[in-house]
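Structure first, commentary second.
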Amino acid sequence: MSGVASGALSRETLLNAVPNGDEPTAGTSRIGTDLVADGPRRILIVALNYAPELVGCAKYSTELAEDLVARGHTVEVVCAPPYYPQWKIGEGYSGAEWRREERNGVVLHRVPLYVPPKPTGVKRIAHLASFGLTAAPAAVAAALRFKPHLVFAVAPTLTAAAAAWMAAKASGAAGWLHIQDFEVDAAFDLGLLSNQTARSTALGIERTVLRRFDRVSSISPAMTGLLARKGVAADRIVELRNWVDVDAVSVFPSSDTAYRRELGIPADRIVALYSGNMAAKQGIEMLGEVATRLRDAGAPVTLMLCGDGPARAGLEAACAGLDNVRFLPLQPMERLPELLGTADIHLLPQRPEAADLVLPSKLTGMLASGRAVVAMAAPGTGLAHEVEGCGLAVDTTAQAMTAGILDLVADTAARQAFGMQARVRAEERWRKSEIIGAFEQTVQALRKA
């Protein structure tokens, strides 16, 4: 299987794509027998979520596109108007219009999108389908005009994959599908959908889609392993991790930050932080019980809960009356390093059904901030492996997470050692410049049909 244990695409990964292990000649890379000179590429990205959204897939799609432009490539993106995680079209945008804009050197083609204010299983399907329907003609039109070397689709949603495949075929480009999470498995395993006939049909469609692309990637070894089990040929699988700009995330002294002062948190209180999307697959609802247990234990811990999403209202209700909890809305990107640095401990809840179907993207920033992590992750899962040595992987219960927090509160030396290792782990496995740089090399090696 392609991919490497460190998480970055490597030179060895690239050479694995060369027949018989032969090394490419200087200035060229090759897949099969086609030689392609190194140089700028034209890349079309089809992705539901994009900036100015702040969390989830949008962050990585945006950073990938903008970084590739900064490296001299030409990038266009077919995407939806911003709506996530509030599930509301952003101010200044419309869910009913086609719109072209340019953002930091990237040309964006915004397409109409149906956004249900209260997403249910069926409404989510309609929501995702609406993007596929509107993205397909936009992607094909852009590809015929733009003549990209590569069409890169981001899932979720698989409807983006269908649009990207049509665009690649229409223009003769190579096609690459990148899986941020396995939405079909997650939707049924998390109980968002339940009809087993529908599940079988959806998984059949997924298998068909996966086999249509020249490259299929995902963000962790566990998830690339699932690609193989779903029938993707080993020579087409790539591990393309999410990343963090470690140079932009400073390690703050947690006892003295603007956030502590603004929220009235004394310097001698331990801050346990959750920051990110608040939705079903995060298991966010368990943090209300964690807060109650910490209060009842008399622990000197304040929970900072920062984010937005459909589960926030329920979490606020669960924490009503607790004086050891502070809520914040999503924070601007420029304040993210200090927000992360305000934590003494990062919290990463996750429902057990989501194990190895997703790898929470927020983990990268947690590690880069140089703080210990308490993650809900069963032994042997991808998340448990990533957290090992950087914090505690605990059972997927509020009781276990509370116990993990109390253990780190009581052992300052262990907490600090975990934090130091977390920063090292971010630098070694998650460095943005290295991961995107290796992706760039792989793109240059892909032939245009």
Worksheet item: Is there a side-chain contact between L64 and F439, using heavy atoms and a 4.5 Å cut-off?
Response: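 Yes, side chains in contact.
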Worksheet item: Are V271 and I345 side-chain neighbours, meaning at least one heavy-atom pair lies under 4.5 Å?
Response: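 No, every pair of side-chain atoms sits at 4.5 Å or beyond.
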[Y] backbone acceptor or donor facing [X] side chain under 3.5 Å:
X: R423; Y: A368; answer: yes
X: T62; Y: A51; answer: yes
X: E239; Y: S217; answer: no
X: R212; Y: W165; answer: no

Validation row, ring centre [X] to ring centre [Y] under 6.0 Å:
X: Y50; Y: Y84; result: no
X: W98; Y: H109; result: no
X: F213; Y: H178; result: no
X: W243; Y: Y60; result: yes

Discussion item. Can you list everything that forms a salt bridge (charged side-chain N to carboxylate O under 4.0 Å, His left out) with K230? Sequence neighbours excluded, please.
Written reply: D185, E206
Discussion item. Does the structure place the NZ or CZ of R241 under 6.0 Å from the centre of the six-membered ring of W430, at an angle of no more than 45° from the ring's axis?
Written reply: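 R241 over W430 ring: yes.
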Worksheet item: Salt-bridged, R261 to D256, with N to O below 4.0 Å?
Response: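 Result for this pair is yes, salt bridge flagged.
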